Novice: 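Pasting a structure here, questions to come.
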Amino acid sequence: MSIHLLYPDGSSHSFEDGTTGLEVAESIGSRLAKAAVAVSVDGAEYDLSRALPSGSLSVITDSTEAGRHIIRHSAAHIMAQAVLGLYPGSTFAIGPAIENGFYYDFDIGRGFTPDDIEAIEARMAEIVAADQPFERFELTPDEALEVFADHKFKVEIVKSVDDSEVDGSSGVISAYRNDAFVDLCRGPHLPSTGRLKAFKLTRAAGAYWRGDENNPQLARIYGTAWESKKALEEYLHRLEEAELRDHRKLGPELDLFSSPPELGSGLVLWHPKGGVIRKIMEDHSRRLHERFGFDFVFSPHLAKADLWETSGHLSFYAENMYPGIEMDGGQEYRVKPMSCPMHVLIYRSRGRSYRDLPIRLSELAAVYRNERSGVIHGMMRARGFTQDDSHTFCRRDQVDDELAMHLDFVLTWLRDFGFTEFEADLSTQPEKSVGDQELWTIAERSLEDALKLADIPYRIAEGDGAFYGPKIDVHIKDAIGRRWQMSTIQVDFALPENFGIDYVDAENQRQRPVMIHSAKAGSIERFFGVLLEHYAGAFPMWLAPVQAEVIPVADRHNDYAEAVVGHFKSMGLRAEADLADATVGEKIRRAMTSKIPAVVVVGDDDVANGTVGFRMRGLDEERGVGLADATDRLTSAAVLPGEET
RNA sequence: GCCGAAGUAGCUCAGGGGUAGAGCAGCUCACUCGUAAUGAGCAGGUCAGGGGUUCAAAUCCCCUCUUCGGCUCCA
């Protein structure tokens, strides 16, 4: 008996039956065997110590995402082993590898303190030093129930595995043992605990069993693990970098916005410099909306509760809405969390003909949502924010073109702000939904066609759509590789129905229009927060609140500096002079740390010759640049996206 | 909301039952300077708020508020 393995290079190799992954890796090369943490055959992962079946082989090494996943999973086991050993009577729930790390949920009858974390880390180091082998074995569900009889969460897990069979191994549950510690696990694992080279526990937190608030709360410990000390340090360094970009830190530092406690949680104040950027963003939004054929509307912050009843918001969204306000002797009003019902009322304000469609209504609307106190996060998750909300009403035969146009619009918007990498989710019909089947089919196909046309990567989130229609969510990748959900395009079959809106077709028949919700930025506040982090505060010229700082070398150059500023301003640039009593070095430093893109220094030579010292972000300093030349360079660097000639 | 951590000057932080500290920022004065911090002086605080213990609380205890991290990622 022998097995046949197909290598990634296309070559085929035979081994004796019972050959393990490690032996195969060693036969290929000792460096590979050293870096290997597991192997996969036909996509199924195997421990290095397991006998392999025939199939197409790849060796999983420690510095790949798959390899790190295994390292982290093993780290989670070692942490659980440490915790169970340190706290008698404690029990454990689940402990998966996650992006950049791992966690494990425990019940030790209390939360973990920083001292606990330190003790656990120390115990883990001992377990790693002992280099205990991870040993895989299989159990029947009944055996597993017996082994884990004292651990109620594991019992629940065993029972759920029994019900809904995973990975086809019918009725068999795998587990791993190292020393006296045993845990359920699909695997694979590192060959032994000694292979865990670099780990760090990062924080303790509470988490509900199965993520449900109604379940008991467990104590979770997060950690991170890497293939080497160096990789761990690089990761910790990246975390620090991300912290430096935090918009909640940069915003107040650069005097863009603040969120003082006196104002209220989840609410923000835009300062003048942030206000400039916001105005530019909104101007750009309006410019693009006009170009893509939208009309602007405005609606109030409040409406009768009845309106939200009709729209369905009070049945489906009431939790996120502020409580009612009583007016006019008992009449209840609600603050708006969205603008759609109001835009529907505008549509319904007169009879509509098929010739009128599509009608595209757009608004930059202040909306208020009652986010739970724990989820508020600076500008990214606020209770009061500005939604760039639009609603398109169209005929069924227009859905295709409209969706393609909306996606084109969204991508244009995102590209204009400097984002280049996109990923989309197409969320399709859930089990419970409204609207007729034909419409769902048309809309889902149209959305997918639009994605193909736009040529951006997407995945289909089967059944993840809203009950009222399918949608596309567009995610961007920022400068340090983080994914953010930004824009959304949603088809809505429910609202036109709820409000009974219609139009008259060519045969004089009343027809129901299809409605498309879309948000390009989503929330202006959130979009701004993402931009701020993406650029780490160093906005490109067209967005920078101050585009050029003019610095006089000495007091006698102040008048000339102001004249230069006046000239820049007359050419539409945002410039200011720094006339403070400080040295040139100090003023330049101030301009740099304020992330002003252009620094213009003027001294005796410049006054005499009508020139400036000129330096733009990322470029070398130049002396004696003519004022007209400097102005040209600035204005061409500051040109708005889409306005380049 | 729940679990954990934190709250001292505008910012970053030290102090830890006995008169409230530093650096930066600010103000004043001197310096007038050519590409990332000139020097000196001054001012700045109900130590988040409230209650308690104590001769004495920023410090110890309790409550509240706010901020931060986490609460989908299925053995």
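Residue numbers start from 1 in every chain, and the chains themselves are labelled A, B, ... in the order their sequence lines are given, proteins ahead of strands. The shown structure was predicted, so the numbers you read here are calculated from the model rather than taken from an experiment.
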Novice: Give the B/S/- string for nucleotides 4-9 of chain B, one per nucleotide from 5' to 3', where a protein heavy atom under 4.0 Å of the base yields B, of only the sugar-phosphate yields S, and otherwise -.
Specialist: ------
Novice: Assign the ring pair A:His73 / A:His189 to parallel, tilted or perpendicular, where the plane angle (0 to 90°) is split at 30° and 60°.
Specialist: tilted
Novice: What does the B/S/- profile of nucleotides 22-33 of chain B look like, 5' to 3', with a 4.0 Å heavy-atom cutoff to protein?
Specialist: ----S---BBBB
Novice: Using only side-chain N and O atoms of A:Tyr103, determine if any of them is under 4.0 Å from OP1 or OP2 of B:rC71.
Specialist: no
Novice: Contact between A:Phe112 and A:Val83 at the side-chain level, heavy atoms closer than 4.5 Å - yes or no?
Specialist: yes
Novice: Classify the side chain of A:Tyr208 versus the base of B:rC2 as yes if they form a donor-acceptor pair under 3.5 Å and no if they do not.
Specialist: yes
Novice: Expressed as a whole number of angstroms, how long is the span from A:Lys587:NZ to B:rU38:P?
Specialist: 11 Å
Novice: Give the rounded distance in Å between these two atoms: CG of A:Asn100 and P of B:rG70.
Specialist: 13 Å
Novice: Check whether any side-chain N or O of A:Arg248 sits under 4.0 Å from OP1 or OP2 of B:rG69, and answer yes or no.
Specialist: yes
Novice: Quick one: label A:Arg615 by what it contacts on the DNA or RNA (base, sugar-phosphate, nothing), any heavy atom closer than 4.0 Å.
Specialist: base
Novice: Which part of the nucleic acid does A:Thr202 contact within heavy-atom distance under 4.0 Å: base, sugar-phosphate only, or nothing?
Specialist: nothing
Novice: For B:rG69 and A:His377 - does any side-chain N or O of the residue sit under 4.0 Å from the phosphate oxygens OP1/OP2?
Specialist: yes
Novice: When we call it a touch if two heavy atoms are under 4.0 Å apart, what does A:Val599 touch: a base, just sugar-phosphate, or nothing?
Specialist: nothing
Novice: Quick one: A:Asp606 CG to B:rU35 P, roughly how many Å, whole number?
Specialist: 12 Å
Novice: Choose from B:rC3, B:rC73, B:rC71 the nucleotide whose nearest atom is closest to any side-chain atom of A:Arg372.
Specialist: B:rC71
Novice: Check the phosphate of B:rA36 against A:Thr593, side-chain N and O only, distance under 4.0 Å to OP1 or OP2. Yes or no?
Specialist: no
Novice: Mind checking who B:rC13 pairs with, Watson-Crick or G-U wobble, both distances under 3.5 Å?
Specialist: B:rG21
Novice: Taking the side chain of A:Val375 as its heavy atoms from C-beta onward, which of B:rC74, B:rG1, B:rG70 lies nearest to it?
Specialist: B:rG1
